Amino acid sequence: MAMKNVKSAHFRQIDHQIKAINQRNGTIILPSPEAYDKFPWTRRHFAKKPAEGYFVWVKKETGVPLTTCVTIASPKIQQNLINLLVVEKNVKVKANVVCNAAKNNLYGIHQAKGKLILKEGAVLIYNQFHQWGKNDFVNPNYEFILGKNSQLTYTYKNLLPPKELKLKTIIHAKKGASCQLTTTINGIKTKISVEEGIFLEGKDSRGILQLRLVGRKESQIKAASKIVAQKAGFGHLDCQGLLIDKKAVIDLIPRLICQNPKAQLTHEASIGKISDQQLNYLRSRGLSEKEAINLIVSGFLEI
Amino acid sequence: MTLLRIKNLKVKVEGKKILKGVNWEIQPGEIQALLGPNASGKSTLAAAIAGIPQYQITGGEILFENKNITQLVPEERVKLGIVLGWQSPPAIKGVKLSRFLDRIAKVKIKNERVLNPKLLKRELNVNFSGGEKKMAELSQILALKPKLVIFDEIDSGLDIKRLAKAAKIIKNKLIKKGVAVLLITHWGQILQFLKPQITNVMVKGKIVCREKNYQKILKTIKKYGYEKCKKCPFPAN
């Protein structure tokens, strides 16, 4: 959905060049280096002056989804984005974030370090879509700070993965904050490392972490997911893998760390394969074997 | 022209001989029934006709409209018009029934007449009751515009009201439109609604009886069980 609307994005960058910044009511959108100079308070969140990336400060609710799009379009580009998104107190915002390669064979590197801050009572629905070429290297590293009673719904979807993906997501949930992190990756001839963690740092904080990984065509996938309850919160971890290729490997490492006796943490984890019965059933409805596998995979990733 | 003809069909499943020389045929628009005790080979025959790969054909041939389809993959058989209604269809997570019907449909069907609209929004066969599964099967079969439908135990898991509804749909949407139907049934409940022209009995991998009067067969089985069929002095072959 967001992929189709990239040209009207509020922030659009191709390679290293910012193509468009369309200001949105109640929101300040700037290149990160400019924000570093203009708003001294941002320096607490940027370790040093960024070279590229975007700064988004959502001050008011507008009802229009915020969209950003960062693309690699030329060969051998190395992007190194430092992003900062701040949602003010009690503001609700939906963001559709696209990062992609325009072609399949650009040997690009996309590194993105992001900090996303939700102030008290803020609500963020953050949909991130990735689509890469077969020789790209991609390394997103995101940290979410969820203020008191804020809510985050973060969906990361990658149906066309790069040659290598290192995905790191850490969420800090303060008192009464809640989050749902859903990661779906269709691994095709790729090496993937996923590191995700939800830290329940405040009383009554809640976190649900869902992971769906598909291993196709010699993919090597390793996913370490954890929920750490420091205070009396609730957490649930749901990791599932679907292994399709005989030469693919999925390695799931779910962890629950409870540091408070009043916290409740649960988990479920499984790695399965497509059964002959499912394949036969779909083929007896007229689908070819390949179409049947694709339908089962798309259903598995649909959560 | 005979719609489907099976000649001396022998089928192995996981190395075990299940069908041991089946001869059978059905004409366009004909309704036939196939009865038999558990493990007699009824579902194996259905799967072999549908082309399920794990059912290894070791002898004989299957002809559909005079074309030899013995080696054809299942999806090609569906294109020709052969459709199997599964006894226990598997769940496909994340795929809504409505989306699946749109995907497979050769013809547009008013599914609401067959199915509860709420069922269309649910994931295919996920936590469906026995009855819901059968009605979902029926809606898929209608969407595939078949020439021959094999219903494997459509009457199991259906209460009498739903069985009557399913029979009415089969009669109006399939039989009246010239579709041939094979009803595989263990107890024969569906037969009182659909009255087959020929009823077959399968025992130990062979069709041992072909009879026009289905009530006669049901009475015999009810009274004596399939033991009587095993000892029948007038076998079909």
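In this text the structure is predicted, and so the values were computed from the model without any measurement. Scope of the values below: all heavy atoms of this structure, side chains included, with no hydrogens, waters or symmetry mates. Chain naming here is simple, since letters A, B, ... match the order of the sequence lines and numbering starts at 1 in each.
Atom NZ of A:Lys157 sits in a crowded spot, with more than 12 heavy atoms from other residues, nucleotides or ligands closer than 6.0 Å. For A:Lys226, the NZ atom is loosely surrounded, since the number of other residues' heavy atoms within 6.0 Å does not exceed 12. More than 12 heavy atoms of other residues, nucleotides or ligands lie within 6.0 Å of NZ in B:Lys106, so this atom counts as buried by the packing criterion. With a 6.0 Å radius and a threshold of 12 heavy atoms from other residues, nucleotides or ligands, B:Asn127 has its CG atom at or below the threshold. Under a cut-off of 6.0 angstrom, the local environment of CD in B:Glu14 is sparse, with at most 12 non-hydrogen atoms contributed by other residues, nucleotides or ligands.
The two residues A:Gln277 and B:Ser88 come nearest to each other via the heavy atoms NE2-O, 3.4 Å.
Taking 4.5 Å as the limit, every side-chain heavy atom of B:Pro53 sits out of range of all side-chain heavy atoms of A:Glu289.
Looking at B:Glu76 and A:Arg283, no side-chain N of the basic residue comes within less than 4.0 Å of a carboxylate O on the acidic one, giving no salt bridge.
At a 4.5 Å heavy-atom cutoff, B:Arg77 makes no contact with chain A through either its backbone or its side chain. B:Leu124 touches chain A through its side chain: at least one heavy atom from C-beta onward sits under 4.5 Å away, while N, CA, C and O do not. With a 4.5 Å cut-off on non-hydrogen atoms, B:Ala47 does not touch chain A at all. Heavy-atom distances place the side chain of B:Gln54, and not its backbone, under 4.5 Å from chain A.
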- Message: Apply side-chain contact (heavy atoms from CB on, under 4.5 Å) to residues A:Leu295 and B:Arg99 and explain how you reach the verdict.
- Response: CA-CA 11 Å; A:Leu295 186 71; B:Arg99 181 183 149 205; 3.6 Å; yes
- Going through the checks in order, is the side-chain contact (heavy atoms from CB on, under 4.5 Å) test met by A:Phe300 and B:Ile92? CA-CA 8 Å; A:Phe300 175 78; B:Ile92 310 290; over 6 Å; no
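Remark: side-chain polar atoms of B:Glu75 are not paired, donor with acceptor, to backbone N or O of A:Ser284 under 3.5 angstrom.
Taking the six-membered ring for Trp and thresholds of 30 and 60 degrees, A:Tyr281 and B:Phe100 have nearly parallel ring planes, at less than 30 degrees apart.
Note: B:Ile141 CD1 to A:Arg285 CZ = 5.5 Å, rounded to the nearest 0.5 Å.
Ranked by non-hydrogen atom pairs under 4.5 Å with chain A, the options B:Lys96, B:Lys79, B:Arg103 are led by B:Arg103. Looking only at heavy-atom pairs under 4.5 Å with chain B, the residue among A:Leu282, A:Leu301, A:Ile296, A:Leu279 that has the most is A:Leu282.
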